[in-house]
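Comments concern the structure below.
All ligand and atom numbering here is 1-based and tracks the order in the structure.
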Amino acid sequence: MSNVVGRIRGAFRGDQRVDPDVLLARLDAVRRFLAAADGHLPDSRLVSAHTLVERAGTRLALSRDHTVVALAGATGSGKSSLFNGLARLDLSPVGVRRPTTGVAHACVWGAQEGAARLLDWIGVLPRHRFVRESALDADDEATLHGLVLLDLPDFDSVQWSHRLEVDRLLGLVDLVVWVVDPQKYADRVIHTNYLGEFHRHRDVTLVVLNQADRLSPAELPRVLADLRRLLDADGLEGVPLLATTATDPGGIVELRAALERTVTERQAALRRLAGDVDTVVAGLDELVGSDRPTTGPDEATKSELTRALAGTAGVPAVTEAVQQAYRHRAAASTGWPLVRGWRRLRPDPMRRLHLPGAPGEATDPAESLVAATSVPDPTAAQRSALGLAIRTVADRAAAELPAGWPDAVADAARSRLTDLPDALDRVVAATDLGMARRPLWWRLVGAGQWLVTLAALGGLGWLVLGYVLRALGLPDPEHPMVGVVPVPTLLLLGGLLAGLLLAALTRPVVRWGAVRARRRADQRLTAAVAAVGDEYVLAPVRDVLANYAVARDALRDATRR
Ligand SMILES: Nc1nc2c(ncn2[C@@H]2O[C@H](COP(=O)(O)OP(=O)(O)OP(=O)(O)O)[C@@H](O)[C@H]2O)c(=O)[nH]1
Ligand SMILES: [Mg+2]
């Protein structure tokens with residue numbers, strides 16, 4: 001008597017072939033995504049992608065000729081009975097006491113090699129593995145060659161270890177046959193925790209209503225229709241739904257035929273992994289957003305950062321010292337020669353800060369690279385201004401980025417914060433402030449001052465000589481005259497007056513020169529400090545943005561089926 005009550009509702013979506021090359025390209029894209037996102041996004045968000053890449057690599061490397069099919073379902077639904085029925089042997093214990101099956105059992109159709117490594121990886125113990133050799137069965141079983149059938153423990157088990165084992169195995173198999181029975185087919189746990197979760201794996205999902213013999217011919221279509229409705233609600237529209245009776249060999253013909261088709265196609269493993277990629281990519285979607293610009297912080301933000309860095313580096317104190325040093329040194333070079341020495345006794349303002357370009361300072365650039373300045377430490381206000389500027393850089397750079405990335409950008413912007421003070425001090429010490437050489441005009445004015453001073457001293461000497469001769473009663477030589485003024489007097493007064501005049505004329509020029517020297521030093525220091533900001537703050541931010549762009553493009557590639 002033909003007791004076939006199996007009926008296929010809905011077409012098996014076997015027509016959608018998965019091209020292995022396309023799948024490998026998608027997995028590679030996920031790998032590229034991970035390489036770009038690792039270290040930037042929290043590990044917890046990347047676990048599923050890492051697991052996928054690892055599993056897919058192993059599964060494809062192990063065997064593409066085998067199809068691993070799992071019988072999953074609640075306790076007592078008849079998984080082991082179906083397993084034995086399909087194997088046509090009593091391999092897995094069928095029990096009255098529930099749950100019966102505690103660990104997965106496997107039956108391999110055809111040659112063992114390849115399948116053994118696959119089962120090692122899946123974690124089925126050798127003593128729970130069985131083989132259907134075609135030699136024993138003539139060619140009866142040839143159509144199932146390549147099938148690795150697993151009988152799983154119950155997923156609604158009172159035994160927590162069963163559930164963990166089922167969850168683990170469901171992540172590894174190629175195709176899942178969900179076995180439900182007329183009593184429990186509507187259980188919430190089956191639909192919410194399992195079937196609903198598999199909606200991206202419709203291509204590798206099959207649902208079986210077992211124990212169909214317990215339903216009357218009138219009840220069966222009603223239960224099947226109800227189950228179909230529940231499956232649709234789970235997002236499993238179109239998955240094949242069969243009715244089986246495991247205890248009757250004729251009651252599993254449709255299921256067997258479906259498995260034969262699957263095994264012959266050799267597509268299930270690829271479809272399963274393609275579904276896994278879909279799931280992972282969908283989970284990562286919010287981490288990449290759509291086409292968003294990743295240009296980084298704008299110019300205004302960058303100059304704000306440079307200003308804050310300049311404050312921290314003590315640039316205002318340095319430029320002030322440059323201005324003062326200019327005046328100090330100009331006075332020492334162009335001032336009245338008789339008091340110049342006294343000026344030199346006062347310390348040079350740049351030397352106080354150990355800045356390069358002070359007289360007597362090292363001019364060897366290699367030496368000044370390691371030299372540290374004595375620029376005052378940044379104040380609390382300057383430090384918080386720098387903190388704020390760095391935060392602003394991060395905020396502006398990350399303004400358009402989706403979840404997860406703004407934190408990565410903020411971390412990157414701060415990543416080298418502790419190295420900043422030393423780096424700033426080094427560049428301040430190494431920057432040529434333009435004060436190493438004395439300007440030519442100082443020397444000319446200095447020479448002029450000497451000239452008029454010598455003239456005044458000459459006149460004075462000449463006058464003193466006249467007085468001495470007169471005092472000794474010696475004849476006083478006639479002084480040459482210019483008009484009514486004797487030449488020595490003219491030399492003395494003229495020399496003094498010219499010296500004063502030269503000093504008076506020089507002063508505003510020195511003041512102007514000092515301002516210019518300060519501005520030049522400020523420009524050079526600002527450029528140097530900006531370079532530090534670029535290296536220590538902006539470059540790490542740019543790195544994250546570049547990685548974001550790579551991650552976004554990679555994920556887009558991973559969605560291409
Ligand atoms: N009438 C009828 N009884 C069935 C059918 N399938 C299984 N059974 C019976 O249901 C009981 C449970 O079957 P099992 O195959 O052990 O169920 P299982 O799903 O493996 O259960 P666990 O191993 O506990 O998860 C046994 O007594 C089977 O004989 C069926 O199609 N019709
Ligand atoms: Mg069992």
Side-chain angles (χ1 to χ4, degrees), residues 1-8 68-107 119 122-125 127-130 148-170 173 175-187 189-191 193-195 205-221 223-224 227 240-259:
M1 179 179 84
S2 168
N3 208 357
V4 180
V5 291
R7 260 202 290 166
I8 299 181
V68 184
V69 175
L71 296 165
T75 184
S77 56
K79 299 179 295 299
S80 301
S81 304
L82 283 171
F83 181 83
N84 293 338
L86 288 164
R88 297 183 185 161
L89 295 167
D90 274 352
L91 301 176
S92 187
V94 171
V96 189
R97 234 186 65 231
R98 304 263 76 85
T100 310
T101 310
V103 289
H105 289 62
C107 184
L119 288 171
I122 291 170
V124 176
L125 296 174
R127 66 172 179 276
H128 296 137
R129 299 176 191 174
F130 310 99
V148 177
L149 187 66
L150 300 185
D151 177 23
L152 301 195
D154 51 324
F155 61 43
D156 60 342
S157 192
V158 285
Q159 308 265 358
W160 188 245
S161 62
H162 287 196
R163 297 188 189 197
L164 291 179
E165 179 67 350
V166 170
D167 287 346
R168 189 183 70 77
L169 291 164
L170 287 177
V173 300
L175 183 126
V176 182
V177 177
W178 299 97
V179 184
V180 296
D181 61 57
Q183 267 183 343
K184 286 205 272 181
Y185 73 90
D187 262 13
V189 63
I190 303 178
H191 294 276
N193 295 2
Y194 290 95
L195 288 168
T205 298
L206 220 139
V207 181
V208 158
L209 175 69
N210 190 38
Q211 304 182 18
D213 58 320
R214 292 188 194 270
L215 294 168
S216 69
E219 282 171 324
L220 182 61
V223 172
L224 281 173
L227 180 51
L241 169 59
L242 314 175
T244 56
T245 299
T247 45
D248 176 356
I252 53 172
V253 171
E254 296 283 359
L255 175 59
R256 200 183 164 85
L259 292 182

Return a yes/no value for Leu152: is any of its N or O atoms, backbone included, closer than 3.5 angstrom to an N or O of ligand 1? no

Between Arg168 (side chain only) and Ile122 (backbone N and O only), is there a donor and an acceptor less than 3.5 Å apart? yes

With a sphere of 6.0 Å drawn around CD of Gln183, does it hold more than 12 non-hydrogen atoms of other residues, nucleotides or ligands? no

Does Arg129 use its side chain to pair, donor to acceptor, with the backbone of Val124 at less than 3.5 Å? yes

Looking at ligand 1, does Gly102 have a heavy atom less than 4.0 Å from it? no

Counting backbone and side-chain atoms alike, is an N, O or S atom of Thr75 positioned under 2.8 Å from the Mg ion (ligand 2)? no

If we ignore hydrogens and angles and just use 3.5 Å, is the side chain of Thr245 paired with the main-chain N or O of Asp248 as donor and acceptor? no

Can Gly73 be said to touch ligand 1, with heavy atoms closer than 4.0 Å? no

May I ask you to list the atoms of ligand 1 that are less than 4.0 angstrom from any heavy atom of Ala74? 19 (O)

Any atoms of ligand 1 less than 4.0 Å from a non-hydrogen atom of Ser81? List them with their elements. 6 (N), 7 (C), 13 (O), 14 (P), 15 (O), 28 (C)

Give the atoms of ligand 1, by number and element, whose distance to some non-hydrogen atom of Thr245 is under 4.0 Å. 31 (O)

Among side-chain atoms of Asn210 and Thr244, is any donor-acceptor pair under 3.5 angstrom? yes

Please indicate whether any nitrogen or oxygen in Asp213 is less than 3.5 Å from any nitrogen or oxygen in ligand 1. yes

Are any of the N/O atoms on Ala212, whether in the backbone or the side chain, positioned under 3.5 angstrom from an N/O atom of ligand 1? no

Judged by modelled atom types alone, do Asp187 and Tyr194 share a side-chain donor-acceptor pair under 3.5 Å? no

N/O donor-acceptor pair under 3.5 Å between Gln211 side chain and Ser77 backbone: yes

Below the 3.5 angstrom mark, is there an N/O of Asn210, backbone or side chain, next to an N/O of ligand 1? yes

Polar atom proximity, Gln211 to ligand 1 (N or O, under 3.5 Å): yes

Element-labelled atoms of ligand 1 that are located less than 4.0 Å from some non-hydrogen atom of Asp154: 25 (O)

Anything under 30° is parallel, anything over 60° is perpendicular, the rest tilted; go ahead and classify Phe83 against His105. perpendicular

Sub-4.0 Å atoms of ligand 1 with respect to non-hydrogen atoms of Ala246: 6 (N), 30 (C), 31 (O)

Is a side-chain donor or acceptor of Lys79 paired with a backbone partner of Ala74 at a separation under 3.5 angstrom? yes

